[in-house]
Amino acid sequence: MGTQVTSSKKAAQILKNLNPAQQQAVIWTEGPVLILAGAGSGKTRVLMHKIAYLIEVNKIVPWKILAMTFTNKAASEMRERIKTISHQNSNTIWMGTFHSLFARILRKECTAIGYQSNFSIYDADDQVQLIKMIMNDLNIPTKNVIPKAVQSQISRSKNSLTSPEQYRQHAENMFEDYVGQIYTEYQKRLRNLNAMDFDDLLGNPIELFGSNPEILARYQERFDYILVDEYQDTNHAQYRILKLLSQQHRNITVVGDDDQSIYAWRGADINNILDFEKDFPECRTFRLEQNYRSTQNILSAAHSVVKNNQGRLEKTLWTTQESGEKVTLIHCWDAFGEADKIVTKIQDEFRLHQRNFKDFAILYRTNAQSRIIEDRLRNHGIPYIIVGGTRFYERKEVKDVIAYLRIIDNPLDTISLKRIINFPQRGIGAATIKKIDIFTLEKRISFFEALKKISMIEGVTESIKMRIANFCQIIEKYQSLQDKLSISEMTRTLVEEVGILANFKNEGTVEAMSRYENVFELLSAITEFSKRTEKPTLATFLEEVTLVTDIDNWDNRGNAVTLMTLHSAKGLEFPVVFITGLEEGLFPLSRNAEKTSQLEEERRLFYVGATRAKQKLYLSSANRRNYGTETFLSNPSRFINEIDQQFVELEFPKPTESERRREKISHSEEGSYYDYHYHTETSSQYEETLPVLQILDIGMRVFHETFGNGTVQDIEGRGENTKVTINFEAVGRKKLMVKYANLEII
DNA sequence: GAGCCACCCGTTTTT
DNA sequence: CGGGTGGCTC
């Protein structure tokens, strides 16, 4: 009786700040639950309170709860907040990303499927290295078969749980035949290297559970409750894992929004959410449609775009907030003008409202767009922080040091070993490696074993043998030192002894200095890791390093404008958001504009971006953009046209004198942007446009603004994508897109 | 085996 | 613009 009173008191406390729909979703703890939660409707809040409720009211021990989040950062934030809601220790909840949670389970159980628990985890770059090696061995030319394309094919197959055998059966062309061969060999070698790639962290648990029912039963028993955030972005492998693990207790709560599914390209299957009710017929569905984040104008604008998608679960978000400011649409001359305009707007926002730098997010479709914006922010002394881009742990020098650590941890990891056998240079080149490789095959031993037996290999000079023996000794020394030294001490002495720092110091260039600093930064990252981890081991550090997400590295405590891709922005919110580069070809990206499914994903990406904004949303596009050496003229994004005009105000900065001078004005005919709002009054501010000449033929003489006069030599493609090869008198042969080249027939 | 140069490429999003 | 590669020379 007493406990009941306390429980209901606790329940009331946990539920008091939730709306009725959220409360329902929280207290319905038994059986499968689907929570369809629109943007900003408090889905993370619901998950958090549900976990607190399970612990406090249902008296579930924390370690029997499994909760999947999209980033590790989300997991640790949630853990903290659960602690404050429930005042209980939340540390033992199994909470994190799919990848890190199953890496943890695999470390414990992988001997059952023939792995050693110190397996390495390969990122995309390691995978490509391995694929290149295999292609080399199988004599597959890298000209027609691009290793990176092979990697993405293999990854795709693994995500959909297609085995190499199945893949080979369905191969339909030369490329796929090759991929099939490589895939088979790739899987075999990963095992020999005692390595798993990202996709194996999801695929191998399924194999493990499939072939070891007693292990599966143990985990099924263990996890009384399973909760999944961002369920719309799970792939088939993740779906299978969830289904396996939830079979016994059937207490699975998934939260998602089909409108925010933006990872189909890496195997996420939107049907996982659409079919949940079919897979779990007894499931209860809750809808959260009240938005607490954005103003009405922002919501309506976002909705007017996403509603153009077919086959979505219709829902209408509503808010009690006032309509707020209209969405501001800015059409700029070029990317520099766009960046300038963003700076001006940030300054205006400071003047008109009380803002901090950290109130702003600038979002873009591709990482490459950040550079120009960065430059302008820097020039104006606006502090900014970039999320993603080239990641710290993917920098060459950092990966090199990591490779040392990996080979110390896992001597079978030949990919890492080959990476550093000649770094810093110790005179061991391709020819020697080849000889060792042959020896490896003959004796059926690992590459590292072969190095230890270098004296037995013929055709290698004595001096090289000496150098290899030295190298081996160093590695072996640190392997035995592993348990005696802390990781930071070990790495420090290793980096010193091997001469990595000296190597960069001697070079003396600016790049070498920045590499030097990055290695130092890695050292301090290790120290920091050791401080905050209970029992820091080399293996756990290496694992964390490969499984960090971009957002995990985002330090949002400082006061700075945040720059990131639209993908990275998922799940976040900011008072003021800029979505930049709203041009056909860039957003939506041209290669995704043709297939409906891909176009719809781009549209959802726009929706995700727009709904990050709490008070003010700016959209910007530019008239032209540089890619490498070429300038492309662009038409405004179709998404701009899709926004209901009543929620929008327009700004068309007149081109400045310098912009006018920068290039003679011209643009192509198509593009409904001008029909949309600019047709009448202001289009005259642009000079008369010359029509793009499409009627080209081989042998014609043409004029190009920068390249001068030339002769058409070849034409390929048609319509939009027509490309011509032109032999220019001044600069020789160039291949150009007719659409952008602005050629004149002479 | 290493260093240098010239060209060529492509350039989406990420665990 | 920048990274990566392939070919050349020392």
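Naming: A, B, ... by sequence-line order, numbering from 1 per chain.
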Undergrad: For a quick check of understanding: with a heavy-atom distance under 4.0 Å over all strands, which category does A:D123 fall into, base, sugar-phosphate or nothing?
TA: nothing
Undergrad: How is A:Y263 classified with respect to the nucleic acid when contacts are heavy atoms under 4.0 Å: base, sugar-phosphate, or nothing?
TA: sugar-phosphate
Undergrad: Contact class for A:K570 (heavy atom, under 4.0 Å): base, sugar-phosphate, or nothing?
TA: nothing
Undergrad: Taking atom P in both C:dG4 and B:dT13, what distance in whole Å separates the two?
TA: 15 Å
Undergrad: If you look at every strand shown and take non-hydrogen atoms under 4.0 Å, does A:D199 touch a base, only sugar-phosphate, or nothing?
TA: nothing
Undergrad: From the set B:dT13, B:dT15, C:dT5, return the single nucleotide nearest to any side-chain atom of A:K132.
TA: C:dT5
Undergrad: Would you call the rings of A:F587 and A:F606 parallel, tilted or perpendicular, where under 30° means parallel and over 60° means perpendicular?
TA: tilted
Undergrad: Give A:T546 one of three labels, base, sugar-phosphate or nothing, depending on what nucleic acid heavy atoms sit under 4.0 Å from its own.
TA: nothing
Undergrad: Is the ring pair A:F574/A:W554 parallel, tilted or perpendicular, if the boundaries are 30 and 60 degrees?
TA: tilted
Undergrad: So if I take every side-chain heavy atom of A:H567 and compare against B:dT14, B:dT15, B:dG1, which nucleotide ends up nearest?
TA: B:dT14
Undergrad: For A:Q127 and B:dT14, give me the distance from atom CD to atom P, rounded to whole Å.
TA: 16 Å
Undergrad: Tell me whether A:W265 is stacked on the nucleobase of B:dT12, counting only the six-membered base ring and applying the 5.5 Å and 30° thresholds.
TA: no
Undergrad: Quick check for you: among C:dG2, B:dT13, B:dT15, whose closest atom lies nearest to any side-chain atom of A:N367?
TA: B:dT13
Undergrad: Do the charged groups of A:K418 and A:D437 touch, with an N to O distance under 4.0 Å?
TA: yes
Undergrad: Looking only at the side chain of A:R365 (C-beta and beyond, no hydrogens), which of the listed nucleotides B:dT14, B:dT15, B:dT12 gets closest?
TA: B:dT12
Undergrad: What is the distance, to the nearest angstrom, from the CD1 atom on A:I579 to the P atom on B:dT12?
TA: 20 Å
Undergrad: With a 4.0 Å cut-off on heavy atoms, is A:Q425 in touch with a base, just the backbone sugar-phosphate, or nothing at all?
TA: sugar-phosphate
Undergrad: Let me know the distance between CE of A:M196 and P of B:dT15, rounded to the nearest Å.
TA: 20 Å
Undergrad: Using whole Å, report how far CG of A:L589 lies from P of B:dT11.
TA: 11 Å
Undergrad: Could you tell me whether A:K396 atom NZ has more than 12 heavy atoms of other residues or ligands within 6.0 Å of it?
TA: yes
Undergrad: Once you round it to whole Å, what is the distance between C1' of B:dT15 and CG of A:N72?
TA: 10 Å
Undergrad: With a non-hydrogen cut-off below 4.0 angstrom, is A:S100 in contact with a base, only sugar-phosphate, or nothing?
TA: nothing
Undergrad: Can you tell me how far P of B:dT14 sits from CG of A:L202, to the nearest Å?
TA: 18 Å
Undergrad: Between B:dT13, B:dG1, B:dT14, spot the one nearest the side chain of A:T366, thanks.
TA: B:dT13
Undergrad: In terms of the angle between their ring planes, are A:Y393 and A:F541 parallel, tilted or perpendicular, with boundaries placed at 30° and 60°?
TA: perpendicular
